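All figures in this text were calculated on a predicted structure; none of them were measured in a lab. A, B, ... follow the sequence lines: proteins, then strands. Residue 1 opens every chain.
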There are 2 protein chains.
Amino acid sequence: METKKQPDAVDDILAQWKRERPDLDASPMGPIGRVRRCAALLQRRLDETFAEFGMTSWEFDVLATLRRAGAPHCLAPTALFSALMITSGTMTHRLQRLEASGWVARHPNPNDARSMLVQLTDAGLALINRAVEAHVENEHRILAPIEAGDLAVLNEYLAMLLGVLEVREE
Amino acid sequence: METKKQPDAVDDILAQWKRERPDLDASPMGPIGRVRRCAALLQRRLDETFAEFGMTSWEFDVLATLRRAGAPHCLAPTALFSALMITSGTMTHRLQRLEASGWVARHPNPNDARSMLVQLTDAGLALINRAVEAHVENEHRILAPIEAGDLAVLNEYLAMLLGVLEVREE
DNA sequence: GCTGTTTATCTTGAAGTCAAGATAATTGAG
DNA sequence: CTCAATTATCTTGACTTCAAGATAAACAGC
């Protein structure tokens, strides 16, 4: 492979900094900028599929977390907002919306009166089961242009980066 | 290298889906989930440095875009919100805040009365010059645990992914 | 020149998010 | 048992964002 890759949006930014601040070694902006920009573009692509099910990204995230937990698809709010990296206040708000939509129900926890148990309703379970199928198909489609071997290498190096970033969060 | 990598948060999610929905090939969730999670964790790390300068992430983004453009550090709002992937309404709001902080000034465009020209003030220029130095140092620190060779491979594969994602956005 | 279309920006209203604090139940040390 | 510290959730208020529409200037074809 001898052909030079097309410059992307991050290459442009690096060239600008090189011209304006040649004293700086801005090279880490390459991988970091690309991770951030990939995440932003991926979000748009994923949202398209969620919209087909009348869901937003955060609604999918909460329902999927409950679904993944397995029967009886029941978790405490603390478990949910920890898994989703959001605050407790945001979780309260999300659960109110999801309860109003009829996709989750909240029950008192018999073992701890401070805590609630959030459970997928039948409608919520049916919805997330269908939505996750479409979501996975969509992800396959998004990555389809990448060869299996390249994808494996990409995944391996992303795991390395994630490992480096996660140690800090003990 | 024979030691198995520690499982990360994404491995856990993949294992849950494997158990709950063995009919799905959820493998694309590996790279896609890792990109998204890396971006979220990176955001936190970058915000720490911005906070040292009394800035938020979006304030840094706007000032840095003006700074990168070179003297006279002057761009139209349209150029700014296009570069930053945000809406025009959001840009209006950001510019009001930045003008109130004294970091940018808005002048009428002599060539087009519909459009404004947004310019870094002296204070804004001094701030972003210092902030970007700290930001680049911070990015070096974040990636320091990764060997130069590995980082180059990571960057190359991220560029490939970004290329695949950007073609869609023509 | 007119006039309809396009372009650039701003306004409005509805969401979603967080930080900080309030409330209430549980736990643990004595 | 009692009370201080901890834990789980919810409330409040401020901020950021977007989508949709309003306003005004510039342009293009006649």
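- Remark: B:Phe53 pairs with no residue by the ring pair (Phe, Tyr, Trp, His ring centres under 6.0 Å) rule, at least two apart or across chains.
- Counting to the nearest Å, the P atom of C:dA8 and the CZ atom of B:Arg106 are 17 Å from each other.
- By the salt bridge (charged side-chain N to carboxylate O under 4.0 Å, His left out) test, B:Asp23 is found to be paired with B:Arg21, residues two or more places apart in sequence or in another chain being considered.
- To the nearest 0.5 Å, atom CG of residue A:Leu117 and atom CG of residue A:Leu75 are 8.5 Å apart.
- Of all the residues in residues 88-105 of chain A, A:Ser88, A:Gly89, A:Thr92, A:Gln96 reach under 4.0 Å from DNA chain D with at least one non-hydrogen atom.
- Atoms CG and CZ, from B:Leu154 and A:Arg34 in turn, are 10.0 Å apart once rounded to the nearest 0.5 Å.
- Within the structure, every pair that satisfies the side chain to side chain donor-acceptor pair (under 3.5 Å) test and touches residues 141-154 of chain B, not counting sequence neighbours, is listed here: B:Asn138-B:Arg141.
- One can place CD of B:Gln43 at 13 Å from C1' of D:dT16, the figure rounded to the nearest angstrom.
- When the P atom of D:dT16 is taken as reference, atom CH2 of A:Trp58 falls 22 Å away, rounded to whole Å.
- Distance A:Asn109 CG to C:dT26 C1': 12 Å, rounded to the nearest Å.
- Not counting sequence neighbours, B:Tyr157 has no partner by the ring pair (Phe, Tyr, Trp, His ring centres under 6.0 Å) test.
- Nucleotide D:dT17 holds its P atom 13 Å from the CE atom of B:Met85, rounded to whole Å.
- Although no hydrogens or angles enter the test, the distance criterion places a donor-acceptor pair under 3.5 Å between the side chain of A:Thr121 and the main chain of A:Gly102.
- The CE atom of A:Met116 sits 19 Å away from the P atom of C:dT23 (whole-angstrom rounding).
- Under the side chain to side chain contact (heavy atoms under 4.5 Å, CB included) criterion, A:Thr87 pairs with A:Thr90, sequence neighbours left out.
- Applying the salt bridge (charged side-chain N to carboxylate O under 4.0 Å, His left out) rule to pairs touching residues 108-118 of chain B yields B:Asp112-B:Arg114, sequence neighbours excluded.
- For the residue pair A:Gln43/A:Asp47, the side-chain donor-acceptor check at 3.5 Å is satisfied.
- Under the rule for a ring pair (Phe, Tyr, Trp, His ring centres under 6.0 Å), A:Phe81 has no partner lying at least two apart in sequence or in another chain.
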Collect all protein-nucleotide pairs involving nucleotides 22-27 of chain D in which both atoms are nitrogen or oxygen and the distance is under 3.5 Å.
unit_1: D:dA26; atom_1: OP1; unit_2: B:Ala113; atom_2: N; d: 2.8

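- Straight-line distance from the CG atom of B:Asp47 to the C1' atom of C:dA19: 14 Å, rounded to whole Å.
- Of all the residues in residues 69-77 of chain B, B:Ala76, B:Pro77 reach under 4.0 Å from DNA chain C with at least one non-hydrogen atom.
- B:Gln96 is linked by a side-chain hydrogen bond (donor to acceptor under 3.5 Å, both in side chains) to nothing, counting only residues two or more places apart in sequence or in another chain.
- Between the side chain of A:Glu59 and the backbone N or O of A:Thr56 there is at least one donor-acceptor pair closer than 3.5 Å.
- Of the residues in residues 32-40 of chain A, not one comes within less than 4.0 Å of DNA chain D through any heavy atom.
- Checked by atom type, the side-chain pair B:Gln119/B:Arg106 shows no donor-acceptor distance below 3.5 Å.
- Rounded to whole Å, atom P of D:dC10 lies 12 Å from atom CD1 of A:Ile86.
- Considering only side-chain N and O atoms, A:Thr87 lies under 4.0 angstrom from the phosphate OP1 or OP2 of C:dC18.
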